[in-house]
Amino acid sequence: MDSIAPKISLLATMPDELAAVLTELGEKPFRAKQILEWVFKKRVESFDLMLNLSKPLRAALEERYVLRTMTFAKVEGSEDTTRKFLFKLNDGRFIETVLIPASPALYGSQSDRRTLCVSSQVGCAYDCKFCASGLAGFTRNLTASEIVEQIVQVEKIAGARMDNLVFMGMGEPLANLPNVLRAIEVLNAEWGVGIGARHITVSTSGLAPQIRKLAEFPLQIRLAISLHGASDEVRDVIMPVNKKWPLRELYLALEEWVARKKQHLTFEFILIEGVNDSQEQARSLGRLARTLNAKVNLIPYNTVEGLPWKRPDERQQDAFRDEVALCGVAVTLRREKGHDIAAACGQLRLKQETDLGIIEAPIKATQQEIAG
Ligand code: SAH
């Protein structure tokens, strides 16, 4: 036995990979299906509970695999509002996952739907000027199983299945593309978590080459773009990623996405007073959205401690929305839940890690890292 090799989580092991290991162990490959049923349908957390497997096989699995790698640390919020879950990873880092009871602005008007906002990295390297996640810098990518485990753990704690998943927690999912794609495969698979591809949204600050790669991914997932500026002038100021891939580059990548995928694109646009909330920005946003047949979600900015930005008043928010709508674009202003939804942006983690005395040296992305 190789006891030094790190154990692999079964939450991100593909059936064929598992079958290959079983064959190596002298077992029949069909056992893979049985094992994955214990993992995803019955959600057992111990190999001892896999009762249709022999004891030696259970022991052999235990030597190689794990079923959980993170522990639930804390929850904030109540059942009928947004709940933020804090998880401790096996290296002592923290990530957050946010459960939003309903997200009508994103997915129709059913109020019994549950949307889970998952993290893809510990911290974030992209340094968007308005975002709390970027304040502590980047620590590391999440593994595919750490992404899947957020859903599995929250479903257990909440006692309910999730209807929608959005990669709008901490991190830039397209900077961790292989792990994110593997996680999505497991989350979507019949043998896995079983969430429909159309109910999975990847959100990006605009990594144009990775958007092109994502467009080749066969599943019909959705894409949201954190636009937040409708001209390079505005976007350059608040999102350094725009210097690497300005709007023109982003636009070309999105054209490719739209040509390949059936779902509408979504532009997320946080309204920040005096930064991006002018009527001119609204018109540019409206024109861009119309050209790409994209929907627009306007989100009044949620104040972040230590950052100077704030949301415009409601009259200004309405005027902005109306101007976008005039371009013939489907636009929503997520006012009521704006505050809740913005809770998805790393604020909880920052506070918790400070409380626990975990200090991370901020690492900003170098140009090369941004180039991915
Ligand atoms: N990096 C990816 C995934 C994170 S998504 C992306 O940028 O899309 C998190 C969303 O919350 C983004 O749209 C982000 O711009 C937005 N956000 C960040 N800080 C916010 C704040 N203070 N108020 C409202 N929305 C915020």
Distance-only, no hydrogens or angles: does the E63 side chain make a donor-acceptor pair with backbone N or O of A60 under 3.5 Å? no
List the steps, then state whether side chain to side chain donor-acceptor pair (under 3.5 Å) holds for D236 with N242. CA-CA 5 Å; D236 274 349; N242 196 68; 2.9 Å; yes
Output the distance between atom CG (L227) and atom CG (L247), rounded to the nearest 0.5 Å. 6.0 Å
Using every non-hydrogen atom in the two residues, find where L89 and M70 come nearest and quote the distance to one decimal. CD2-SD, 3.8 Å
Strictly below 4.0 Å, N to O, side chains only: are D232 and K243 in salt-bridge contact? no
Determine whether I221 and R198 satisfy the following criterion, side-chain contact (heavy atoms from CB on, under 4.5 Å), listing intermediate values before the conclusion. CA-CA 5 Å; I221 55 170; R198 288 171 176 78; over 6 Å; no
Could you tell me whether the side chains of T266 and N297 share a donor-acceptor contact shorter than 3.5 Å? no
Determine whether more than 12 heavy atoms belonging to other residues, nucleotides or ligands lie under 6.0 Å from atom CD of E233. no
For the student: nearest non-hydrogen atoms of S203 and P173, plus distance: O-CG, 2.9 Å
Would you give the length of the straight line joining atom CD of E62 to atom CZ of F47, rounded to the nearest 0.5 angstrom? 6.0 Å
Test side-chain contact (heavy atoms from CB on, under 4.5 Å) applied to L271 and I299, step by step: CA-CA 6 Å; L271 293 170; I299 310 133; over 6 Å; no
Report, as yes or no, whether the 6.0 Å neighbourhood of atom NZ on K33 holds more than 12 heavy atoms from other residues, nucleotides or ligands. no
Within a radius of less than 6.0 Å around NZ of K156, do more than 12 heavy atoms belonging to other residues, nucleotides or ligands occur? no
Derivation of the side-chain contact (heavy atoms from CB on, under 4.5 Å) call for Q121 and F138: CA-CA 8 Å; Q121 298 182 313; F138 173 71; 3.5 Å; yes
Would you mind reporting whether L18 and Y65 have side-chain heavy atoms less than 4.5 Å apart? yes
Cluster link W245 to W257, ILVMFWY, side chain under 4.5 Å: yes
Does CD in E280 sit with more than 12 non-hydrogen atoms of other residues, nucleotides or ligands closer than 6.0 Å? no
Residue pair Q34 / N52: nearest heavy atoms and the distance that separates them: NE2-ND2, 3.6 Å
With E149 as partner, the option from T97, L11, L67 fulfilling side-chain contact (heavy atoms from CB on, under 4.5 Å) is L11
Any donor-acceptor N/O pair, T201 side chain to V166 backbone, under 3.5 Å: no
Are L292 and L285 connected in a single hydrophobic cluster, I mean Ile/Leu/Val/Met/Phe/Trp/Tyr linked by side-chain heavy atoms less than 4.5 Å apart? yes
Start with the C-alpha gap between E45 and R43, add the side-chain angles, then the distance that decides, and say whether salt bridge (charged side-chain N to carboxylate O under 4.0 Å, His left out) holds. CA-CA 6 Å; E45 298 183 8; R43 302 277 169 102; over 6 Å; no
When you compare the side chain of V296 with that of T332, does any pair of heavy atoms fall below 4.5 Å? no
Are the side chains of M239 and Y126 in touch, meaning some heavy atoms are under 4.5 Å apart? no
Just so I know, are the side chains of L298 and R334 near enough to count as touching, which here means a heavy-atom distance under 4.5 Å? no
Walk me through whether Q210 and T204 qualify under side chain to side chain donor-acceptor pair (under 3.5 Å). CA-CA 9 Å; Q210 277 82 351; T204 179; over 6 Å; no
Distance (rounded to the nearest 0.5 Å) between T13 OG1 and I35 CD1: 10.0 Å
Please tell me whether F30 and V39 are part of a single hydrophobic cluster in this structure, the criterion being side-chain heavy atoms less than 4.5 Å apart. no
Counting heavy atoms not belonging to K310, are there more than 12 under 6.0 Å from its NZ? no
Go through the steps for V202 and I184 under the test side-chain contact (heavy atoms from CB on, under 4.5 Å), then give the verdict. CA-CA 10 Å; V202 171; I184 290 175; 3.8 Å; yes
Distance-minimising heavy-atom pair for I151 and M162: CG2-CG, 4.5 Å
Would you say the rings of F320 and F269 are close, in the sense that their centroids are separated by under 6.0 Å? yes
Inter-residue atom distance E96.CD - F85.CZ, 0.5 Å rounding: 11.5 Å
Taking the side chain as everything from C-beta on, heavy atoms only, tell me whether E27 gets closer than 4.5 Å to S54. yes
Side-chain heavy atoms of S120 within contact of E172, under 4.5 Å: no
The reported gap from NZ in K244 to OG in S205 (rounded to nearest 0.5 angstrom) is 13.5 Å
Rounding to 0.5 Å, atoms NE2 (H228) and NZ (K129) come to a distance of 14.0 Å
Identify the heavy atoms of K41 and G192 that sit nearest to each other, and give their distance. NZ-O, 2.9 Å
Shortest non-hydrogen pair, R311 vs P300, comes out as NH2-O, 3.4 Å
Are V186 and F217 linked, directly or through intermediate hydrophobic residues, by side-chain heavy-atom contacts shorter than 4.5 Å (ILVMFWY only)? yes
Given 3.5 Å as the limit, does a donor-acceptor pair link the side chain of E155 with the main chain of R161, or not? no
Evaluate the side-chain proximity of N188 to I195: yes if any heavy-atom separation is below 4.5 Å, no if none is. no
Is a donor on one side and an acceptor on the other found under 3.5 Å between the side chain of R235 and the backbone of P246? no
Stepwise, does the salt bridge (charged side-chain N to carboxylate O under 4.0 Å, His left out) test hold for D318 with R321? CA-CA 5 Å; D318 289 342; R321 178 200 51 207; 3.5 Å; yes
4.5 Å side-chain heavy-atom contact, L174 and K213: no
Step by step, work out the salt bridge (charged side-chain N to carboxylate O under 4.0 Å, His left out) result for K88 and E146. CA-CA 10 Å; K88 190 176 186 181; E146 285 167 338; over 6 Å; no
Verify same cluster id: L116, V75 (apolar side-chain graph, 4.5 Å): yes
